[in-house]
Amino acid sequence: MILIDCTYLNSPGGKKILKVFLDKILINKPKNLSFIIDYRVDKELINKLKNSHYKLIRNSEFKRRSYYKSIKNKIKKCICLASVPPPIKLECEVIIYFHNDLIIKPNLSLSLLKTISFLLKKTYIKMINSKKYRWAVQTNLMSKKLSDALFIKDEMISVFPIFRDFIEKKSFKKTPNSFLYVCSSSPHKNLKRLINAFNRIKNIKSKRIFLHLTISDNEYFKYNILSKNKNSNLTIINHGILNESSLNSIYSDSKYLIYPSIIESFGLPLIESIEFNCKIIASDLDYVKEIVNPSIIFNPFSVLSISNSIDFALENNDIKESEIIINNKIDKFTELILS
């Protein structure tokens, strides 16, 4: 049995990784796969597994450990897709796909509770790791961070970016002066500086501006975003968590993806937006440079720099196109699993 452990894989980005992964690995209907799936996962993803063996499990390390113990002797290879190694020591081949930068560096103005939570997760991962286990990450930058933080040898870490391929960018009718930020309310998403930056742009009265957000916490949006908007020409629309079709519709309508996040394991919206011909205005940080060439960059720690980049986008029609510079390695990853 090849065990695919998807426990804890329930964030929007995590579910997208899982969807792409399932579409690829199930295409030939292998019979030797068994899945552990977070019980909170979408029905659409469960339907993909209807002809496969799977176990729905609560996001509890106690439940996870109990299940591992019950099938330990059947596991010939184990793939953990959500950053955390197996809860019991395994002698078989183990690969952990790590994609949570906040576990490595749990700071950046997080609440005390969140900071402690991430520190405990980091300590726990170190405790249950084995020198025999192999790791996979999405970028070379994450490989270095993981090696430094968890003391994993470089040769035990492989780089496998995973995203949905597209053949070419399409042509869309864009709403003028429209910006999209696919984000949460987490502090590292840098929303406070972004809203302050929109308040500081040159208020050209003839230009109406739109900012689309995807914040799940509507109370946070009302009291920390909407109430802070002092720009009468700026309309801020929060869509909450969107399904893929609805998000794609906003990508296709938006002229710019603005991305001021301070820390990311990958930054999947940077890649997704290019399919819909968005021009990217993004943080001048290494995680961005690993995967795309943006149209405009700014210092994410400077409100003035973010504001100037917005002004430049509004005042210039000949901004260069954004492009993907990373290669999708979902094929290589699935080959490694099934070999």
*Just by distance, with hydrogens left out, do Ser34 and His53 show a side-chain donor and acceptor under 3.5 Å apart?*
yes

*Would Ile46 and Tyr54 satisfy side-chain contact (heavy atoms from CB on, under 4.5 Å), going step by step from the backbone distance to the final call?*
CA-CA 9 Å; Ile46 294 297; Tyr54 69 90; 3.5 Å; yes

*Are any non-hydrogen side-chain atoms of Ile296 and Phe312 less than 4.5 angstrom apart?*
yes

*Please round to the nearest 0.5 Å and tell me the distance separating atom OG of Ser52 and atom CG of Leu26.*
4.5 Å

*Quick check: does any side chain N or O of Ser185 sit under 3.5 Å from a backbone N or O of Ile215, one acting as donor and the other as acceptor?*
no

*If you take all heavy atoms of Phe198 and Asn231, which pair is closest and at what distance?*
O-ND2, 3.0 Å

*Side chain proximity check, Ile128 to Val84, heavy atoms < 4.5 angstrom*: yes

_Check: Phe298 main-chain N/O paired with Ser309 side-chain donor or acceptor under 3.5 Å_ = no

*Does any N or O in the side chain of His99 come within less than 3.5 Å of the main-chain N or O of Leu81, such that one atom is a donor and the other an acceptor?*
yes

*Taking all non-hydrogen atoms of both residues into account, name the closest pair between Gln138 and Pro161 and its distance.*
O-CG, 3.2 Å

*So Phe210 and Phe179, ring-ring contact (aromatic ring centres under 6.0 Å, His included) or not? Walk me through it.*
CA-CA 6 Å; Phe210 301 90; Phe179 298 79; 9.8 Å; no

*Quick one: do Tyr67 and Leu56 end up in the same hydrophobic cluster if we chain Ile, Leu, Val, Met, Phe, Trp and Tyr together by side-chain heavy atoms under 4.5 Å apart?*
no

*Verify, without hydrogens or angle tests, whether Asn299 (side chain) and Phe301 (backbone) share a donor-acceptor contact under 3.5 angstrom.*
yes

*Leu211 and Leu191: same hydrophobic cluster, using ILVMFWY side-chain contacts below 4.5 Å?*
yes

*Should we count CG of Leu113 as having more than 12 external heavy atoms under 6.0 Å?*
no

_Salt bridge or not between Arg164 and Glu275? Use side-chain N to carboxylate O under 4.0 Å._
yes

*Calculate, to the nearest 0.5 Å, the distance between atoms OG and CD1 belonging to Ser158 and Ile95 respectively.*
7.5 Å

*So with a 6.0 Å cut-off around NZ of Lys72, is the heavy-atom count from everything else above 12?*
no

*ring-ring contact (aromatic ring centres under 6.0 Å, His included): pairs with one or both residues in residues 137-161, sequence neighbours excluded*: Phe160-Phe333

_Non-hydrogen side-chain atoms of Ser254 and Tyr256 separated by less than 4.5 Å_ = no

*Neighbour count >12 (heavy atoms, 6.0 Å) for atom NZ, Lys89*: yes

*Mind jotting down which residue pairs meet the salt bridge (Lys or Arg N to Asp or Glu O under 4.0 Å) criterion with at least one end in residues 212-221? Sequence neighbours excluded, please.*
Glu219-Lys222

_Tyr259 side chain vs Cys183 backbone, donor-acceptor pair below 3.5 Å_ = no

*Drop me the distance from Leu33's CG to Phe35's CZ, to the nearest 0.5 angstrom.*
5.0 Å

*If two hydrophobic side chains count as joined below 4.5 Å and joins carry through other members, does Leu9 share a cluster with Leu146?*
no

*asked:* What I want to check is whether the side chains of Thr7 and Asp5 have a donor and an acceptor closer together than 3.5 Å.
replied: yes

*asked:* Starting from Leu242, can I reach Ile17 by hopping between I/L/V/M/F/W/Y residues whose side chains sit under 4.5 Å apart?
replied: no

*Judged by modelled atom types alone, do Glu93 and Tyr133 share a side-chain donor-acceptor pair under 3.5 Å?*
no

*With no hydrogens and no angle check, do the side chains of Ser261 and Asn190 hold a donor and an acceptor under 3.5 Å apart?*
no

_side-chain contact (heavy atoms from CB on, under 4.5 Å) assessment of Ile162 paired with Lys329_ = CA-CA 6 Å; Ile162 293 178; Lys329 293 188 178 178; over 6 Å; no

*Does the side chain of Arg40 come within less than 4.5 Å of Arg58's, by heavy atoms?*
no

*Below 4.0 angstrom, N of the basic side chain to O of the carboxylate: do Asp284 and Lys289 qualify?*
yes

*Would you sort out whether Lys15 and Glu44 count as a salt bridge (Lys or Arg N to Asp or Glu O under 4.0 Å), showing the intermediate values?*
CA-CA 11 Å; Lys15 286 190 286 189; Glu44 178 190 359; over 6 Å; no

_Stepwise ring-ring contact (aromatic ring centres under 6.0 Å, His included) test for Tyr97 and Phe21_ = CA-CA 12 Å; Tyr97 196 77; Phe21 175 76; 8.3 Å; no

*Close side-chain approach of Asn224 and Lys192, heavy atoms under 4.5 Å*: no

*asked:* Against Ile195, only a single residue in Lys230, Lys228, Arg200 fulfils side chain to side chain contact (heavy atoms under 4.5 Å, CB included); can you say which?
replied: Lys228

*Which heavy atom in Pro260 sits nearest to a heavy atom in Tyr181, and how many Å separate them?*
CD-CZ, 3.4 Å

*Between the side chains of Asn243 and Ser246, does any donor sit under 3.5 Å from an acceptor?*
yes

*asked:* Within the 4.5 Å heavy-atom criterion, are Ile104 and Met142 side-chain neighbours or not?
replied: yes

*Does the pair Lys144/Asp148 count as a salt bridge with the N-to-O cut at 4.0 Å?*
yes

*Begin from the C-alpha positions of Ser70 and Arg65 and carry the test side-chain contact (heavy atoms from CB on, under 4.5 Å) through to its verdict.*
CA-CA 9 Å; Ser70 71; Arg65 186 183 297 110; over 6 Å; no

_Within 6.0 angstrom of Lys16 NZ, more than 12 heavy atoms from elsewhere_ = yes

*To the nearest 0.5 Å, what is the distance between OH (Tyr220) and CG (Asn238)?*
11.0 Å

*What is the distance from atom CD1 of Ile96 to atom CE of Met156, rounded to the nearest 0.5 Å?*
9.0 Å

_Lys69/Ile88 under side-chain contact (heavy atoms from CB on, under 4.5 Å): CA gap, chis, key distance, verdict_ = CA-CA 7 Å; Lys69 285 181 176 179; Ile88 63 174; 4.1 Å; yes

*Aromatic contact, Phe266 with Tyr287 (centres under 6.0 Å)*: no

*asked:* Test of understanding: with ring-ring contact (aromatic ring centres under 6.0 Å, His included), list the residues that count as partners of His239, not counting sequence neighbours.
replied: His212

*Between Lys76 and Glu91, is the closest basic N to carboxylate O distance under 4.0 Å?*
no

*salt_bridge(Asp253, Lys174) N-O dist < 4.0 Å*: no

*Separation of Ser83 OG from Asn100 CG (nearest 0.5 Å)*: 5.5 Å

*asked:* Quick check: do Leu213 and Ile237 have side-chain heavy atoms less than 4.5 Å from each other?
replied: no

*Cluster check Val292, Leu268: I/L/V/M/F/W/Y, side chain < 4.5 angstrom*: yes

*Electrostatic pair Lys332-Glu335, nearest N-O below 4.0 angstrom*: no

